[in-house]
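These notes concern the structure reproduced below.
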Amino acid sequence: MPSAHVDTFARDHLPPPEALPELRFDLPTLQFPEQLNCATELLDRHVAEGRGDRLCIQAPGLRWSYAELQAQANRIANVLVSEMGLVPGNRVLLRAPNNPMLAACWFAVVKAGGIAVGSMPLLRAKELKQIIDKAQISHALCDLRLADEMKLAAADCPMLLQLCFFNDAGANGLEAAMARQPDTFANVATAADDTCLMAFTSGTTGQPKGTMHFHRDVMAACACWPPHVLRPRPDDIFIGSPPLAFTFGLGGLLLFPMSIGASTVLVEKVSPPDLMGAVQAFGATVMFTAPTSYRAIAMSLQGQPWPAKSLRKCVSAGEALPAATRKLWRETSGLEIIDGIGSTELLHIFISADEQDARPGATGKAVPGYTACVMDAEGRPLPPGQVGALAIKGPTGCKYLADARQVQYVRDGWNYTGDAYLLDEDGYYHYQSRTDDMIISAGYNIAGPEVEDALLRHPDVAECGVVGVPDEERGQIVKAFVVLKPTAQPTPATAAALQDYVKQAIAPYKYPRAIEFRDKLPRTETGKLQRFRLREA
Ligand code: 3UK
């Protein structure tokens with residue numbers, strides 16, 4: 001099957017064959033045809049098979065059926081091709097908070113054989129320019145409310161020739177162009193291994209890395225974790241906080257519900273109270289958010305009756321779920337969280353456990369379709385009980401866009417996620433820390449997240465982050481940055497009480513020798529604690 005891409009940039013900038021991960025398609029549902037357009041599978045198929053009237057997307061004041069989303073996406077695809085000169089393989093920047101038009105634009109790009117490049121709403125012109133330059137982006141579809149930074153970036157990016165704004169009532173907006181176009185569109189017959197999306201990593205330092213994913217990768221992600229671990233139903237109503245530019249959000253809030261004909265609620269405001277308000281307003285049943293969001297919601301509901309009776313499944317990813325947060329959420333909601341580790345490079349979740357199999361402190365087992373292994377420094381599998389580097393193989397894998405760092409993520413065909421893990425005798429994988437975040441103090445290896453979990457159990461602690469800071473005598477010492485609950489005082493006595501508390505909870509040598517109180521902790525837009533910023537402090 002030949003590529004449908006006229007613009008061959010993506011294929012030309014794949015890693016060399018020897019640097020690609022080994023792929024495994026070890027399930028009957030992972031056998032894909034050579035010609036595959038994931039928009040056809042996730043959207044048009046439902047309409048063709050008579051499910052066009054099913055509810056697909058909701059937002060405040062809006063309900064779209066599958067047929068309505070298809071019509072919107074088709075009109076946008078026609079605008080892209082007929083008025084904006086898109087040819088298959090072109091990269092299209094997408095920019096908006098999570099809303100229905102953003103979803104319609106994503107499908108329009110993919111239908112037209114283009115490559116959707118998401119961007120986090122908070123990015124500034126400088127960061128947008130990095131992405132536009134790196135991915136050689138020719139077209140952009142942007143929410144009018146994010147126009148300022150978009151225009152600044154565009155002025156500095158000569159290759160970005162076509163820019164159109166949506167959620168725009170003006171005569172030059174995307175909606176006006178859509179009204180001129182038919183609501184039918186013949187999807188481009190892409191190859192299964194044509195790239196359909198590029199996701200830039202929420203990396204903490206340096207140049208952002210672009211990951212490339214094929215139409216087949218999207219369908220493979222839909223065939224692994226959702227049916228085997230999440231097990232949603234077609235009548236489920238999905239909701240959550242991660243941006244669609246983050247593959248955690250793209251999968252959980254768009255691809256996965258649509259892969260089974262379920263519906264999704266896209267909300268622009270996703271602070272913990274806003275999210276809970278939307279869960280209640282829409283009767284949502286499946287929620288995706290980050291560990292800190294679960295903790296913040298639970299803390300805000302202390303002593304109140306549980307207000308979100310519709311909710312039946314809660315998914316946590318993005319960073320480690322502390323056992324203390326799992327417990328607090330169970331006590332608040334009666335629900336066991338489904339934890340899962342995924343990555344932008346592997347597209348979605350590859351180790352996880354459902355509600356029944358959840359084990360506090362463990363992420364879970366390898367998701368069917370994926371193989372996991374804990375490796376020593378030489379890339380040899382370690383026996384259970386020893387801490388090493390997590391390596392993954394499966395139907396998806398890391399394909400950085402023109403990036404020398406490919407050889408760091410992929411070695412001997414394995415995807416190395418950069419996480420230190422331990423496998424127990426029962427096949428559960430226990431997260432320790434990022435491999436380069438392991439604290440080494442007086443010869444002991446100490447994982448920050450374990451100390452954080454101990455601190456989070458103390459009734460005065462709202463949030464915390466634990467890192468290693470340089471120390472002359474011990475090499476590094478454990479330092480905790482603590483956000484106290486409003487009822488507690490940031491005094492030396494409180495610090496001493498927290499230190500004693502940790503010494504009682506875990507091996508005493510792990511206790512934080514330094515404690516600093518903060519009003520808040522530095523986090524990325526995807527909810528991750530920025531440890532490097534704590535270390536620099
Ligand atoms: C960390 C976790 C412990 C881990 C992501 C689900 O987070 C996602 O992608 P990113 O590329 O970051 C990947 C890294 O984040 N991590 C994520 N989930 C967990 N650590 N427990 C977890 N449950 O260091 C991993 O290597 O931003 C998550 C789905 C899609 C994603 N892109």
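Each ligand, and each atom within it, is numbered from 1 in the order the structure gives. All values below were derived from every heavy atom in this structure, side-chain atoms included, with hydrogens, water molecules and symmetry-related copies excluded.
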Heteroatom proximity flag, [X] to ligand 1, N/O under 3.5 Å:
X	value
G318	yes
R434	yes
K528	yes

Criterion salt bridge (charged side-chain N to carboxylate O under 4.0 Å, His left out) on K365 and D426, from CA distance to verdict:
CA-CA 9 Å; K365 298 182 179 179; D426 303 326; over 6 Å; no
Per-atom contacts, ligand 1 versus [X] - under 4.0 Å to a heavy atom:
X	value
Y431	3 (C), 20 (N)
T344	9 (O), 10 (P), 11 (O), 27 (O), 32 (N)
L347	30 (C)

Under a 4.0 Å N-O cut-off, is there an ion pair linking D354 with R231?
yes
K510 and E450 ion-paired at < 4.0 Å:
yes
Output all residues satisfying salt bridge (Lys or Arg N to Asp or Glu O under 4.0 Å) with R411, sequence neighbours left out; order by chain, then residue number.
none
Looking at CD of Q136 and CD1 of I115, how far apart are the two atoms once the value is rounded to the nearest 0.5 Å?
12.0 Å
Plane angle bin for H13 and F9 - parallel if under 30°, tilted between 30 and 60°, otherwise perpendicular
tilted
So F248 and H348, would you call those rings parallel, tilted or perpendicular, with 30° and 60° as cut-offs?
tilted
Would you tell me which option among A320, A420, G418, S352 has the nearest heavy-atom contact to atom 20 (N) of ligand 1?
A320
Would you tell me which option among T417, D419, L250, T526 has the nearest heavy-atom contact to atom 25 (C) of ligand 1?
D419
Could you check whether any heavy atom of D339 sits closer than 4.0 Å to an atom of ligand 1, since that is the contact criterion I want to use?
yes
